[in-house]
Amino acid sequence: MRVGYKLMAEVHDPKEIVRQAVRAEEVGFDFVEISDHYHPWLYSHGHSGFAWSMLAAIAARTERIELATGVTCPFLRYHPTIIAQAAATTAVLSDGRFTLGLGSGESLNEHIVGRGWPSVAVRHEMLRESIEAITLLWEPGYHSYRGAHITVDDARVFDLPDEPIRIVLAAGGTNAATLAGELTDGLFATEPDADLVTAFRAAGGGDGPHYAEVPLSYSPDVDAAVRSAHAKFRFGITGWKVQAELPNPINFEAATATVRESDVADAMPCGSDRDAILENARGFADAGFDNLTLLNAGPDPDEFLDVAADGLVDAVRGLA
């Protein structure tokens, strides 16, 4: 079991994100995972720095901890050629510590370039072609690719890492998990759904790695933990079908207007009870996930990082 720390780039400014990553290495996390968004989910979040700049800064200021995107949509807002280059450069800067997490994206971030928001089926087609193009560009030399949606014309990524870059693919259902098993090295999920792991393995993905985000809100003050979780993570209660489709923070503000603090408290551990945190993480471990990213929606990141250093990371590792 490996344990990661979620860098919530919508909640903190870029310098704070880099600081938290450095601290996460100091307290013993195995990896950090950063969201790659253009907009925050909610206006109250107030931030959304460029993930690739923050990754470069983290790579320069750390030595051991691994880095991952959680996750990047490699089409519409980006082109696969750009992601192939960005991932390769990040892998070089981090001496091979980088994993590229990919997914089919959200309208929240992708509609901004004015190319519309395709149906789920079309997005999966675009995602498949993007993965094929990216992996092709990680081979030496010039390459061209022509699919139904993605075209690469005589392109070459000149700076490549010594070792192949690992790709993990986000899946909210078995179709995406099957695609992950067919085309990538690992699975990424936000729910403790054993069916996703089964579909990934059946499609050729084998034993992993299987990444999952484990939500919690840490504070010795339970009421403060609940308030903070409601402010930072109530969008997560809406479910992926809503999260993928709404275009702007104002829409998420409206969609979450009836989400109560008690709803969020029911969805994740809120407070300082380590047993509750571990029980939540155990659900993901029992479902077959072996890379657990702790996502803390609490009011003070350093309070949680102190607890992580004081045995919590080791306790989560012991769930394997």
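Each residue takes its place number in the sequence, starting with 1.
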If only side-chain N and O atoms count, and only distance matters, is there a donor-acceptor pair under 3.5 Å linking [Y] with [X]?
X: Tyr5; Y: Glu33; value: no
X: Glu132; Y: Tyr145; value: yes
X: Thr81; Y: His79; value: yes
X: Arg77; Y: Asn109; value: no
X: Thr62; Y: Arg97; value: yes

Identify, with sequence neighbours excluded, every residue that meets salt bridge (Lys or Arg N to Asp or Glu O under 4.0 Å) alongside [X].
X: Asp306; value: Arg23
X: Glu245; value: Arg123
X: Asp30; value: Arg317

Please determine whether a side-chain nitrogen of the Lys or Arg among [X] and [Y] lies less than 4.0 Å from a carboxylate oxygen of the Asp or Glu.
X: Arg64; Y: Asp95; result: no
X: Glu182; Y: Arg128; result: yes
X: Lys6; Y: Glu213; result: yes
X: Glu10; Y: Lys232; result: no
X: Asp302; Y: Arg19; result: yes

Reported OG1-to-CD1 distance for the pair Thr293 and Ile34, which is rounded to 0.5 angstrom: 12.5 Å
From Ser48 OG over to Tyr38 OH, what is the distance, rounded to the nearest 0.5 angstrom? 9.0 Å
List, one per line, each side-chain donor-acceptor pair under 3.5 Å for residues 147-166, sequence neighbours excluded.
| unit_1 | atom_1 | unit_2 | atom_2 | d |
| --- | --- | --- | --- | --- |
| His149 | NE2 | Glu125 | OE1 | 2.7 |
| Arg166 | NH2 | Tyr211 | OH | 2.9 |

Tell me, do [X] and [Y] make a side-chain contact under 4.5 Å, heavy atoms counted?
X: Leu102; Y: Thr184; value: no
X: Met268; Y: Cys270; value: yes
X: Leu100; Y: Trp138; value: yes
X: Val22; Y: Ile58; value: no
X: Ser119; Y: Val122; value: yes

Report yes or no: does [X] contribute a side-chain atom to a donor-acceptor pair with the main-chain N or O of [Y] at less than 3.5 Å?
X: Asn248; Y: Asn251; result: no
X: Asn296; Y: Tyr218; result: yes
X: Asn291; Y: Pro209; result: no
X: His111; Y: Gly116; result: no
X: Asp290; Y: Gly208; result: no
X: His12; Y: Met8; result: no
X: Ser35; Y: Gly70; result: no
X: Glu110; Y: Gly105; result: no
X: Ser107; Y: Trp117; result: no

Measure up the Tyr78 and Phe50 rings against each other and bin them: parallel (under 30°), tilted (30 to 60°), perpendicular (over 60°). tilted
Only counting residues at least two apart or in another chain, list the ones meeting ring-ring contact (aromatic ring centres under 6.0 Å, His included) with His45. Phe235
Quick note, side chain to side chain donor-acceptor pair (under 3.5 Å) partners involving residues 185-209, not counting sequence neighbours, are none
